[in-house]
Amino acid sequence: MNLIANAKEQIKEALNAAAQKAFESGALANSELADFNVEITTDSAHGDFAANAALVSAKNMRTSPKNIADALVSNLDLSSTLFEKCEVAGPGFINFFLSEEFTCQTVKAVLSEGENYGRSDYGKNEKVMVEFVSANPTGPMHIGNARGGALGDCLAAVLDWSGHDVTREFYINDAGNQIDKFALSLDVRYMQHFLGEDAVALPEDSYHGADIKERAEEFAKEFGDKFVKAEESERRAALVKFALPKNIAALKSDLEKYRIYYDVWFHESTLHNSGLVKKVIGILTDKGLTYEKEGALWYKNAEFMAEKYRKIGKSEKEIEKLELKDEVLIRANGNPTYFAADIAYHYNKFSERGFDRVINVWGADHHGHVARLCGAMDAVGLDGDKLHIVLMQLVKLMRDGEVVRVSKRTGKSITLADLLYEIDVDAARLFFNLREPASHLDFDLDLAVSQNSQNPVYYVQYAHARICSILKALAADGIEVKNAESDLALLTTSEEKELVMHLAKLPEEIVASAKAYDPARITRYVIDLATLFHKFYNANRVKLPENEPLMQARIALCLSVKTVIKNVLTMFGISVPESM
């Protein structure tokens, strides 16, 4: 149940009905109100909701907003709504005050819906894919992948809770230049194992990480010098066949420790093996959008994008400033580029697997690739507007006010595994969603491991544990919980009303988070909920044996808060302790 949406709709219906009555009585010149907004107020002392209907309708009505507002309020019928009164404020705002029925319905909705409270059918089961992390399988995951993992997984969660049919996907780059470089690097390390490091040089542009050397050593241990005298292509193929599955398994293991479970692990190699890369290049060629130059096949990106921008009204000067460039699809050596494979991959998402919308979580350094790829979707006959890219800014790890660049555990660049060795998964998942994706993030390692109210995850978890402790203490005193019999209308203090309003906001907040691709909205929501609960508890006694009805109402409110905190933390893959 979305009581906030219901309340807003009731206001709109009541005001439109009032406009009709005012027109019929001659108080207004016509009955049609302009499109208007209903918003939650920042100060409930002046009303809980405000509508700007009179302000935006003044031009059409040819009278002042104040006259319109007065006419509307005079003809307003609030019976059978969640409101008890309204009043005109300022230049013509109409403020609405909630009745006790709103409090009763909110708490009852939370308690009756339980673990499903917050879910909605907003998405109408739209088929959405969220692709995130998709780290290169030639090495371990870095801190950017850690942020992308928490962001992508929690974004998928809010989409699921807002009524979408969500698929989480990891794209494995197991083809192309990076795999050739992976094979070369493994080959050199393997040969060095038997011939010495001076006998075979490791190229500057190869992979120099210790993980490459470890995989080559493992291969040598299993196969000995069997491949030393083999053909280079045979040896490299064997090394990749041995090492790549181990690296992919390590990626899966690290991500599962991070509580991320994918529905699909998609291999880039299938795009090449199935002929789909060749197919999309054929589509572009048939449309006259490719040409050959210096032995390579190029896509007319500049021409296609310029025409697209003209259609949406950009001037030639604006287009010129974009410095559009064509893209290579097949290199002179006959190998398809990453861009060609990317077009095929997204063609597969839309055309072959039927996703209605695709969301990719990328690092901000991919900014220049966004328009090209969306345009390429249009070029192959799909709808590029259905491809959405969430660009994620960089993360700085901080300790003692200083930037941290190396791992305590390994002394090398910090990986996801290193981070989870230092801090709890709960802290990692919440901290990476403290800021919207487009914001740079300073991750305070000291704060993440602290056990006090300054640590946001501890603060929220403590609120839940505190409620559990209250309930246990009441039970120990023989006090029975009687939710069904609670008189919730007794919840009238300012702290209680603030808490109820915040509980009511959850379904709408989840929808707003899904619309904005910003899970941080929900992180802020649950931190605010914890704050409001502590404020309520410090100002209002729960154990009131001398006033059984009020005590039961407050117990019901505590249970509602406990339910909502648990729902949010569970949605985000964060544990929900009952004692701390």
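Keep in mind that this is a model prediction, so the values were computed, not measured.
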[Y] versus [X], side-chain donor and acceptor atoms under 3.5 Å:
X	Y	answer
T285	T290	yes
H272	S274	no
S253	E256	no
D426	Q461	yes
R357	H164	yes
D326	Y291	yes
N360	H366	no
D174	S269	yes

Q | Chi angles and distances behind the side-chain contact (heavy atoms from CB on, under 4.5 Å) call for D378, F304 | A | CA-CA 9 Å; D378 293 326; F304 185 84; 3.8 Å; yes
Got a sec: does the [atom1] of [X] have more than 12 other heavy atoms crowding it under 6.0 Å?
X	atom1	value
K566	NZ	no
E115	CD	no
F194	CZ	yes
E307	CD	yes
N125	CG	yes
D35	CG	no
H208	NE2	yes
K287	NZ	yes

N-O pairing of [X] and [Y] below 4.0 Å:
X	Y	result
K246	E214	no
E197	K213	yes
D160	R119	yes
E327	K300	no
R524	D518	yes

Below 4.5 Å, heavy atoms only, C-beta onward: do [X] and [Y] meet side chain to side chain?
X	Y	value
L284	V280	no
V449	D424	no
F266	N348	yes
R331	N177	yes
N567	W161	yes
K252	F170	no
Y459	V526	no

Spatial distance of atom [atom1] ([X]) from atom [atom2] ([Y]) [nearest 0.5 Å]:
X	Y	atom1	atom2	value
I510	E508	CD1	CD	11.0 Å
I330	I281	CD1	CD1	4.0 Å
E231	R235	CD	CZ	9.0 Å
L159	R168	CG	CZ	9.0 Å
L329	Y299	CG	OH	8.5 Å
L186	K181	CG	NZ	13.0 Å

For [Y], does its backbone N or O pair with a side-chain atom of [X] as donor and acceptor, under 3.5 Å?
X	Y	answer
R147	Q393	yes
R429	Y258	yes
D121	K124	no
R372	G368	yes
T270	H267	yes
N173	P137	no
R189	A216	no
E318	S315	yes
D356	E126	no
S206	L202	no

Q) Can you check side-chain contact (heavy atoms from CB on, under 4.5 Å) on L416 and H142, steps first, answer last? A) CA-CA 6 Å; L416 172 61; H142 53 68; over 6 Å; no
Determine whether the aromatic ring centres of [X] and [Y] lie less than 6.0 Å apart.
X	Y	answer
F132	Y262	yes
W362	H369	yes
Y171	Y345	yes

Q | Pair L445-M398, side-chain contact (heavy atoms from CB on, under 4.5 Å): steps then yes or no | A | CA-CA 6 Å; L445 292 167; M398 308 294 292; over 6 Å; no
Q: Find out whether the Lys NZ or Arg CZ of K349 is both under 6.0 angstrom from the six-membered ring centre of F355 and within 45° of the ring's axis.
A: no
Q) Has K505 got its NZ or CZ under 6.0 Å from the middle of the six-membered ring of Y525, at an angle within 45 degrees of the ring axis? A) no
Q: List the steps, then state whether side chain to side chain donor-acceptor pair (under 3.5 Å) holds for T415 with D418.
A: CA-CA 5 Å; T415 65; D418 294 326; 3.1 Å; yes
(Q) Which label fits Y517 and H388: parallel for a plane angle under 30°, tilted from 30 to 60°, or perpendicular past 60°? (A) perpendicular
Q: For the residue pair F227 and Y190, categorise the inter-ring angle as parallel (less than 30°), tilted (30 to 60°) or perpendicular (more than 60°).
A: perpendicular
